[in-house]
Structures are given as C-alpha cells and as structure tokens.
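Just so we're on the same page: letters track the sequence lines, and every chain starts at 1. Atoms considered below: every heavy atom in the structure, side chains included; atoms not considered: hydrogens, waters and symmetry mates.
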Amino acid sequence: MNKQRNIVIGVSWPYANNNLHLGYIASSVSGDILARYHRAVGDKVLLVSGVDTHGTKPELKAKAEGCTPKEIVDRYAENFREALKAFHFSFDKFGITYDPYHEKKCQEMFERMYQNGYIYENVVKRPYCPTCGKFMADTELQFKCPVCGKLSKADNCDCGYVPTEKDLENATCLVCGAKTVQKEQRVLVFKLTAFKDLLEEMVRKNENIWRANSINETKKYLSDLRDRDFSRDLKWGIPITIKGFEDKTVWVWWEALLGYVTDTMKLGEEQGFDWRAFWKTDVEPDVEKKIYMCHAKDNIPFHSMFLPAMLAALNDHFITNNIMVSAEYLLIDGEKISKSSNTPCEALVYAQTYNTDSLRYYFAINGPEKKDANFTLELYKTIHNNEVVNKFGNLINRTLKFKGLTTLPKGKIDKILQEKVQQTYKNVGELIEALEFKKAALAVMDLVAETNKYYDEQQPWLKAKQEDKQPFFNVIASCAYVIGNLSNLFAPFMPATCEKLKTFLQLPKEVIWQEIFVQNGIDVSNIEPLFTRVV
RNA sequence: CGCGGGGUAGAGCAGUCCGGAAGCUCGUUGGGCUCAUAACCCAAAGGUCGCGUGGUUCAAAUCCCGCCCCCGCAACCA
C-alpha cells in the first residue's frame, strides 16, 4: 500500500459570463476522476475550483442590462453550481473570486510579491476615451483592420489579424462612439521573465508527464518570454493595495489563479488542517505531494507559467511543479461551441435530459483528451444504450435478477476472473495516474466484456436446471463479485451509478481501490435496472 | 512564409516519440444462446492512414520536405 499523499486538483474556474457549457464538463471531468481515484487509494485530496467573476465582460454586460456586475455573475454562478452538482463533481471547495476572503488573501500575496521585487511600475501608451474619461480595454474598442479592411473589435478581427499598438491609434470607443486618443498610462507589471529558468526546468522535468499541447505551448512562450501586465483600469476587480495604484484593479488571471490557493486556505480554516501541507515543501516535508491542473487548451500558459511564477515570487517554499492536464476542445456536431450559435450546448440542459453518469463516461472514452473531440447526440445515445446499458447494466441484471433468484448464493469465485479484477485495479490506477483517462475507462469496460463472456461460456441457465446447484451458484457468485468490484472501478467515471450499485449489494458506501467481496445471502429481489435506455 | 494540437474503415477513436504484416468500440452482415431492459457470445465484410501518386529506407500511418483543411494561441477576452 502506498503512503498517503497530499493531492491538490485544481479545475479551471469557469468565467461568469454565460451559462456553463458541455465543453467545460468534458475538459474538467478529468479532475473529478483524479479526485475520486486518489481518495479511493487513500490519499488526502482537495478538489478545488470556483467562479471567476471579475473583468471586462461582466462589467459590460451589467452596463447593458442596467444592473450590477455582481448580479450578473451571481446568476451564472447559480447555473454553474447546479450543473456541476448534476454532473456529480465532488468539489471540496467551489469558491467565488469576489469573496472578501479571496480578495484579502490575494492582496496579501500581491504585496509580498511587490516587496520581493516581482511586481514593478511601468508607463505604456493605451487608447483613452476622453468622453468616458478612462482607458479602454481592447474589447471596448473598434478599429479598422489593415488586412481585411473591415471595422472590428480590437480583441479579435474575424480575419484573424491581431492589432498592434499602432493599429489602435485611431480606435473608436464602442461605449460612447468617440475617437480615442493615445495616452500614457501607469501600470504595474509582473516580472515573469525572472522565472524563465525555473519554468524551463519545470517543463524539462515534465516532458514525459504533460501532454504535447501543454509542453509545446509553454515552450513557445518561454522561447520569447515577456513580463505581463498586472494592473487593469477596471472597477470590477480586486483593488490593488500597492501605494500609488489604489485606483486600479488586478488583471483577473493573476487573482483567479490564486483561487486554488485561497480555496485551500479557507478550507483549512473551516476544517482545521494546515493548508500549507498541500502547497509547500517545508510543511510535512516527507509527504509526497501532487498538484494537478485540469483545464482546456486556451488556459495553458496561465496554468503552466503564471501560477508557478506567482508562487515562486512569494519566495516561501511553494511547490512550483504543476501536473498539467490540458484538454483540447469539445466540438458539438462538428462545430465549435459558440455562444451565439443555435447549437444547444448548455451543461444543465443536458443534465436534465440525459444521464449525467453516462455523459461522464462518454467524455472519458470519447472526450477531447489529446485532440478536439466531436460530440453528437446520436453517438452519445449509442454509447449510452449499447455500451453502458447493454454491457454494464445487463451484466448486473442477468446476474442479480436471474430468474427465480432472491438471495445471493454462496459460491466459489472463478480464479481467472479474480485475477482479472485484481489486474484491473492495478492497470486502471496506473492509467489514471498517467492521465490516460480514455484507456482507463476502456480497461474497466473490458472487465465487463470479459465477465459477459465468462457468463456465456459458463451457461448458468443450464447449470440452474441441474440437481446440484453449486456450479450455478459459483457462476452467480463470481459475477456478483465482479459487479461488486465494478462499483469501485467505475466510481471515478460513473459515481452516482456506483453508489446505487453499492446500495443494492449492501456494500460500504466508501469507494476503495482494492478488491472487495460481496456478502452472500443478501436479498436481491428488489434490485432495479441502473439505467433506462435513451430514445 | 507566425507558433502549438489534430486529419487513420460508415461513425467515434488508439497506434506515430522508439519504422517491421493496419487495431479498438459502435454500426452493418451471418451464426449461436435464451439468464437478462430484443440484452449477451462467436464470426465476417469494410481503410491506397488529409494531399503530393514527393524524399529517405530492404521496409513508412510512423522519419524528412512541400501543400490543404479543422481547433487553439498570437501578450488589454478569459
């Protein structure tokens, strides 16, 4: 048995700008799989995330709807919580970045980074709107694209061109329509370049652990590393407490990423443990620690560079080695998920219509693990009906609801099946730790297939008619034994189903990552199908 | 000429690092079985591995070169 490890699993914080979409579930379910697995092997696990609330978008939306940014984000936060609950995410903490606790802890950390010399002052030229009386964000500006000639938003032209500082000289303010002027702006900058060596070392160490996208994307940034702005001239954000910059707020990325840490701090206070044992090398130094970061590909540089650099900038024994679990994108019906399109992609809507456990299984075996993955309702239905219901569900029914069977008989467990079960725990555990969730889920389903095959070969329906019932009992007991173990092995992927299964088999609720046995004599007359077919 | 990920049977994907008889699941077709939600088991058919009919090699899905397409990034969207 392994020694107990301290594990932090950070799932990227969804931005409170829209309802949660299915793509978030697809790229985040890996975090919940990791959490449930690590808890099962006996590690101390903190699965943390929360609502990212600050920044330009909620502020603009609030202005458009005539309400406060907080009202906007609260609406979406509610949607997030509901959807994540429906998909059975087992968060230990799901925070929110406007929480005064998060704000205060972030400010303390930023002051320390400033004192350590990693946040410095700079002067840049930015578009300023004389009418609005403030510096405008790119998304609030319109410019004439020199490539396609169209007027477009400064943060993304349809033709793909990225405007330079020069292109924005004659930008128009989208809020009031006035021409902006270039004006010098005092900003705070985070000295990312100070951590080039540290970050390069981290990438080198993880060459065989991270996926290709995070390795190469990070290398790209490191080859031309630049310091990044720290301050923003926005109201809706965490106020900067550094002297001379009190009128500015922190660019959301810097504070949202620290949410993983502030979640842990708060949880430690609530539950009475030392949060530092999860994030720092000098507390519980002999305990093995892992920090997983689960997110989609657009989040890579922030998790692979910003967060470790900030922690290093605190100069306080922080672990600066994230295990990056970077997913690609989920496409729906071959198209990218777009807020404006008609493609229905809201997570909560799917959760209310379909089985969230089989959706999780779908994402595990067919999700955007190493490349963009396509989601179609037809494919989901096929996987639900033909793999989850027919193979897994049917194995349970044909065993436990065998004609005339009312209690689970005592029988000898088949040696080959038992070895297969033991082997599956080992394989699947290794695959999950290697971040190969697709192979892990398939390996469990393979055990199901193996057991269905065993069942067919044994022909228990013939054995049941013999005078000596023992051979029949042996088959049923062997299959029931596998099913009991499937309630552990499938638990990271289909937690609610496995919980129900444990209830049927009168097993302890706790999922453990080792072979278990089902008590003979238990009543099986009331067992119901775990799944219903989807039409 | 920007950078990264990807393009493999009808569908969804492994395999590519480290070259050595094209694999998996579903679907389709045929057979077996009757315990089970018409579920389960066995077998078969189906692919010139995006393109160049490019280069290297005894041998290329895999290495090299060029091109096309999809997704992401491109530093004030997050």
(message) Using a heavy-atom cut-off of 4.0 Å across all strands, would you classify A/Glu328 as base, sugar-phosphate, or nothing?
(response) sugar-phosphate
(message) I'd like to know if the side chain of A/Ser12 pairs up with that of A/Asn299 as donor and acceptor (distance under 3.5 Å, no hydrogens or angles considered).
(response) no
(request) Look at all strands and tell whether A/Ala296 reaches a base, only sugar-phosphate, or nothing, counting heavy atoms closer than 4.0 Å. (result) nothing
(message) Categorize A/Glu457 for me: base, sugar-phosphate, or nothing, with a 4.0 angstrom heavy-atom threshold over every strand shown.
(response) nothing
(message) Nearest 0.5 angstrom please: A/Lys196 NZ to A/Tyr221 OH, how far?
(response) 15.5 Å
(message) Just N and O in the side chain of A/Lys297: are any of them under 4.0 Å from OP1 or OP2 of B/rC71?
(response) no
(request) Sticking with atom P, work out how far B/rA43 lies from B/rC26, rounded to a whole angstrom. (result) 13 Å
(message) Side-chain N or O of A/Asn386 versus OP1/OP2 of B/rG27: is the shortest distance under 4.0 Å?
(response) yes
(message) Under 4.0 Å from OP1 or OP2 of B/rG72: is there any side-chain N or O of A/Lys336 that close?
(response) yes
(request) For A/Asp227, report the nucleic acid contact type (base, sugar-phosphate, nothing); a contact means any heavy atom under 4.0 Å. (result) nothing
(message) Once rounded to the nearest 0.5 Å, what's the spacing between atom OH of A/Tyr350 and atom OH of A/Tyr362?
(response) 9.5 Å
(message) Tell me which nucleotide, if any, is Watson-Crick or G-U wobble paired with B/rC73 when both distances must be under 3.5 Å.
(response) B/rG2
(message) Whole angstroms only, please: what is the CH2-C1' distance between A/Trp210 and B/rC17?
(response) 18 Å
(message) Please encode protein proximity along nucleotides 28-38 of chain B as a string of B, S and -, counting only heavy-atom distances under 4.0 Å.
(response) ----BSSBBB-
(message) Say we look at B/rA45 and B/rG50: how far apart would their P atoms be, to the nearest angstrom?
(response) 24 Å
(message) With a 3.5 Å limit on both atom pairs, tell me what B/rA43 is paired to, counting Watson-Crick and G-U wobble, or say none.
(response) B/rU29
(request) Could you tell me whether A/Lys463 sits above the aromatic face of A/Phe472, with NZ or CZ closer than 6.0 angstrom to the six-membered ring centre and within 45 degrees of the axis? (result) no
(message) For B/rA14 and A/Lys370 - does any side-chain N or O of the residue sit under 4.0 Å from the phosphate oxygens OP1/OP2?
(response) no
(message) I want to check one thing: is the phosphate of B/rG4, taken as OP1 and OP2, less than 4.0 Å away from some side-chain N or O of A/Lys219?
(response) no
(request) For A/Ile396 and B/rC40, give me the distance from atom CD1 to atom P, rounded to whole Å. (result) 14 Å
(request) Could you work out the separation of B/rC64 and B/rU25 based on their C1' atoms and round it to a whole Å? (result) 34 Å
(message) Tell me which nucleotide, if any, is Watson-Crick or G-U wobble paired with B/rG23 when both distances must be under 3.5 Å.
(response) B/rC13
(request) Send over the distance from A/Leu174 CG to B/rC77 C1', rounded to a whole Å. (result) 13 Å
(request) Taking only the side-chain heavy atoms of A/Leu379 (C-beta and beyond), determine which of B/rA11, B/rC13, B/rC76 contains the nearest atom. (result) B/rA11
(request) Report yes or no: is the cationic atom of A/Arg186 (NZ for Lys, CZ for Arg) closer than 6.0 Å to the six-membered ring centre of A/Phe245, at no more than 45° off its axis? (result) yes
(request) Would you please confirm or rule out a distance under 4.0 Å between OP1 or OP2 of B/rA75 and any side-chain N or O of A/Trp253? (result) no
(message) Check this for me: does any side-chain nitrogen of one of A/Glu378 and A/Lys381 sit under 4.0 Å from a carboxylate oxygen of the other?
(response) no
(message) Distance check, P atoms only: B/rG4 and B/rC40, in whole angstrom units.
(response) 45 Å
(request) With A/Lys297 as the cation and A/Tyr329 as the aromatic partner, state whether NZ or CZ is under 6.0 Å from the six-membered ring centre and within 45° of the axis. (result) yes
(request) For A/Arg211, answer base if it contacts any base atom (sugar-phosphate contacts may also be present), sugar-phosphate if it contacts only those atoms, and nothing otherwise; contact means non-hydrogen atoms under 4.0 Å. (result) nothing
(message) At 4.0 Å (heavy atoms only), tell me whether A/Asp298 reaches a base, stays on the sugar-phosphate, or touches nothing.
(response) base
(message) Students often get this wrong, so: under 4.0 angstrom with heavy atoms, is A/Asp52 touching a base, only sugar-phosphate, or nothing?
(response) sugar-phosphate
(message) For A/Ile416, I'd like to know if atom CD1 has over 12 heavy atoms of other residues, nucleotides or ligands within 6.0 Å.
(response) no
(request) Using atom NZ of A/Lys391 as one end and atom P of B/rA39 as the other, report the distance to the nearest whole Å. (result) 11 Å
(request) Search all heavy atoms of A/Phe110 against all heavy atoms of A/Ile242 and return the closest pair with its distance. (result) O-CD1, 4.4 Å
(message) Does A/Gln185 reach a base, just sugar-phosphate, or nothing at all? Heavy atoms under 4.0 Å.
(response) base
(message) For B/rG5 and A/Asn216 - does any side-chain N or O of the residue sit under 4.0 Å from the phosphate oxygens OP1/OP2?
(response) yes
(request) Would you tell me if any nitrogen or oxygen in the side chain of A/Arg232 comes within less than 4.0 Å of OP1 or OP2 on B/rC76? (result) yes
(message) For a quick test of reading the model: is some side-chain N or O of A/Lys371 closer than 4.0 Å to OP1 or OP2 of B/rA14?
(response) yes
(message) For residues 397-412 of chain A, which residue pairs pass the salt bridge (Lys or Arg N to Asp or Glu O under 4.0 Å) check, not counting sequence neighbours?
(response) A/Arg398-A/Asp456
(message) Does B/rA78 have its OP1 or OP2 closer than 4.0 Å to a side-chain nitrogen or oxygen of A/Thr56?
(response) yes
(message) Does A/Phe135 reach a base, just sugar-phosphate, or nothing at all? Heavy atoms under 4.0 Å.
(response) nothing
(message) Using OP1 and OP2 only, check whether a side-chain N or O of A/Lys220 sits under 4.0 Å from B/rG5.
(response) no
